[in-house]
Amino acid sequence: MRYLIPLLVLLLPAWLMAQWTVVGSDLLAPAVKPVVEGFAEHSDTEITMEFIGSVPGKEDLKVGEADLAILAAPKDADLPSGNYKVLPIAYEVAYVVVEKLNPLTEVSMEQLAAIFGSSGVQKVERWGELNLQGPIAQRSILPLALDNDSTVVLELFKYEVLQSGSLRANVNRVKGNLQLMEMIASDSGSIGISNQVLLDDKVRALAVSGSDEFAFGPTPENVHYGEYPLRLSYYLVYPREKQNELKPLLKALLGADLADRLDNEGFVPLPENVRKRMLVELDKGA
């Protein structure tokens, strides 16, 4: 019998004996924590979570104090590479929102900088300067922006559009998303930056053009493939050698439950077909 117990232990799947540490972005924590906790309870796995930010999370991963990190990374960020596997998991999007009857359908990054930025380009003050015709042409543009601690959408917008510059003094910063949507819905002269589009029967998001002439709307597919330019990416990052051990948890994080929670928290999850393909690749060991 004394030889049987060690033998049974050796035959158990690695994840049943695991003690993992998951670290990373505090902003994704409200969506991620319930999924990880549910997996840990169901699989009887001990998982420690420390969601205190992407920068300390990356360092914990590099020094071996974490098994899996969920990291935010702008386009030019230096993510761990080489011995690490990096999988996209979600996006934070800066939506450019107008009142539904506003005739504008698309806007360029340069035009946004002229509306919201304090320096660097000629200012755009009236809707006619965006080539709109009719009564709205002489109306002043009223810029608004969401600004609270639960999102980095304003910093994302400033980074991508203003090259980390500052906003104009006339940009009205609004704490609540619903309040922002109500302000836009009540004034066709307004334009707002937000991480979520609420009241979609009264407001709508514009297509945005980046470095080329084509404007893309903020659909999940356009966001994922980088065609919509105002996005911040979040990734699952882990040592390649631990992929087989972490596979059950990774599959849980690529499931519909987390996708729904991310959507409810104002993030854009991966398109369903992309998640399904990644799950197949995980099973194949890719």
Side-chain angles (χ1 to χ4, degrees), residues 24-25 27-36 54 70-75 77 79 85-98 100 104-109 112 146 150-157 159-161 177-178 180-181 184 191-212 214-237 250-282 286:
S25 170
L27 295 175
L28 257 60
V32 172
K33 287 181 73 172
V35 176
V36 176
S54 293
I70 301 174
L71 306 179
K75 287 182 294 188
L79 283 169
K85 184 81 171 181
V86 178
L87 302 176
I89 188 64
Y91 304 94
E92 184 153 15
V93 170
Y95 296 95
V96 183
V97 186
V98 295
K100 198 154 194 175
L104 190 67
T105 59
E106 63 182 62
V107 66
S108 70
M109 300 268 270
L112 288 171
L146 183 68
S150 67
T151 175
V152 295
V153 67
L154 186 53
E155 294 307 313
L156 166 63
F157 179 83
Y159 178 83
E160 294 287 355
V161 176
N177 204 350
L178 181 57
L180 175 61
M181 296 297 117
I184 296 170
I191 183 170
I193 306 301
S194 182
N195 70 330
Q196 240 179 331
V197 180
L198 308 176
L199 306 180
D200 56 6
D201 60 329
K202 298 178 181 179
V203 303
R204 57 183 173 80
L206 299 178
V208 177
S209 58
S211 56
D212 57 34
F214 298 105
F216 292 90
T219 66
E221 291 75 19
N222 288 344
V223 169
H224 174 68
Y225 292 109
E227 293 168 329
Y228 183 81
L230 301 180
R231 67 167 195 174
L232 174 65
S233 303
Y234 291 83
Y235 298 92
L236 300 174
V237 186
L250 296 172
K251 292 175 74 171
L253 292 171
L254 290 170
D257 185 17
L258 180 58
D260 290 342
R261 291 177 184 275
L262 288 166
D263 184 55
N264 291 337
E265 292 291 337
F267 297 92
V268 176
L270 300 181
E272 183 178 6
N273 65 315
V274 174
R275 288 192 293 104
K276 288 182 176 179
R277 185 177 70 243
M278 291 170 67
L279 288 168
V280 170
E281 291 172 352
L282 268 179

Between L232 and V153, is any pair of side-chain heavy atoms under 4.5 Å apart? no
In short, Y95 meets N195 closest at the heavy-atom pair CE1-O, 3.3 Å
Please find the pair of heavy atoms, one from V93 and one from P218, that lie closest to each other, and give the distance. CG1-CB, 4.4 Å
What is the distance from atom NZ of K202 to atom NZ of K100, rounded to the nearest 0.5 Å? 11.0 Å
Going by heavy atoms in the side chains, are E106 and S209 under 4.5 Å from each other? no
Are side-chain heavy atoms of L270 and Y91 found at a separation under 4.5 Å? yes
Flag the pair L236 / I70 as yes when at least one side-chain heavy-atom distance between them is below 4.5 Å, and no otherwise. yes
L178 and L180: side chain to side chain contact (heavy atoms under 4.5 Å, CB included), yes or no, with the steps? CA-CA 5 Å; L178 181 57; L180 175 61; over 6 Å; no
Flag, side chain of N222 to backbone of G217, donor-acceptor distance under 3.5 Å: yes
With distance as the sole test, does Y235 use its side chain to make a donor-acceptor pair with the main-chain N or O of K85 at under 3.5 Å? no
In this structure, CD of E265 is separated from CG of L27 (nearest 0.5 Å) by 10.5 Å
Can you tell me how far apart CG (L253) and CG (L279) are? Round to the nearest 0.5 Å. 10.5 Å
Between L28 and A90, what is the shortest heavy-atom contact and its length? CD2-CB, 4.4 Å
Just wondering, do R261 and D257 contact through their side chains at under 4.5 Å, heavy atoms? yes
Closest heavy-atom pair, G24 versus L71, reported as atoms and distance to 0.1 Å, is CA-CD2, 4.5 Å
Is there side-chain contact between V161 and I193, with at least one heavy-atom pair below 4.5 Å? no
Under a 4.5 Å cut-off applied to non-hydrogen side-chain atoms, are P88 and M278 in contact? yes
Using a 4.5 Å cut-off on heavy atoms from C-beta on, say whether the side chain of F157 contacts that of L146. no
Can a donor-acceptor pair be found, under 3.5 Å and without considering hydrogens, that links the side chain of N264 to the backbone of D260? yes
Of all the heavy-atom pairs spanning P220 and P271, show the shortest one and how long it is. O-CG, 3.8 Å
Working for side chain to side chain contact (heavy atoms under 4.5 Å, CB included), residues M181 and N177: CA-CA 6 Å; M181 296 297 117; N177 204 350; 3.4 Å; yes
Short side-chain donor-acceptor distance under 3.5 Å, T151 and E92: yes
Shortest non-hydrogen contact from E160 toward M109: O-CE, 3.5 Å
So, taking the atom named CG in N273 and the one named NE2 in H224, what distance separates them when rounded to the nearest 0.5 Å? 8.0 Å
Donor-acceptor under 3.5 Å (S54 side chain, A72 main chain): yes
So does E272 have more than 12 non-hydrogen atoms from other groups sitting under 6.0 Å from CD? no
Under the side chain to side chain contact (heavy atoms under 4.5 Å, CB included) rule, what do T219 and Y228 come out as? Steps first, then yes or no, please. CA-CA 8 Å; T219 66; Y228 183 81; over 6 Å; no
For the atom pair CG (L156) and CZ (R231), what is the distance rounded to the nearest 0.5 Å? 10.5 Å
Could you walk me through whether I89 and V32 pass side chain to side chain contact (heavy atoms under 4.5 Å, CB included), step by step? CA-CA 11 Å; I89 188 64; V32 172; over 6 Å; no
I need the F267 CZ to L262 CG distance, nearest 0.5 Å. 7.5 Å
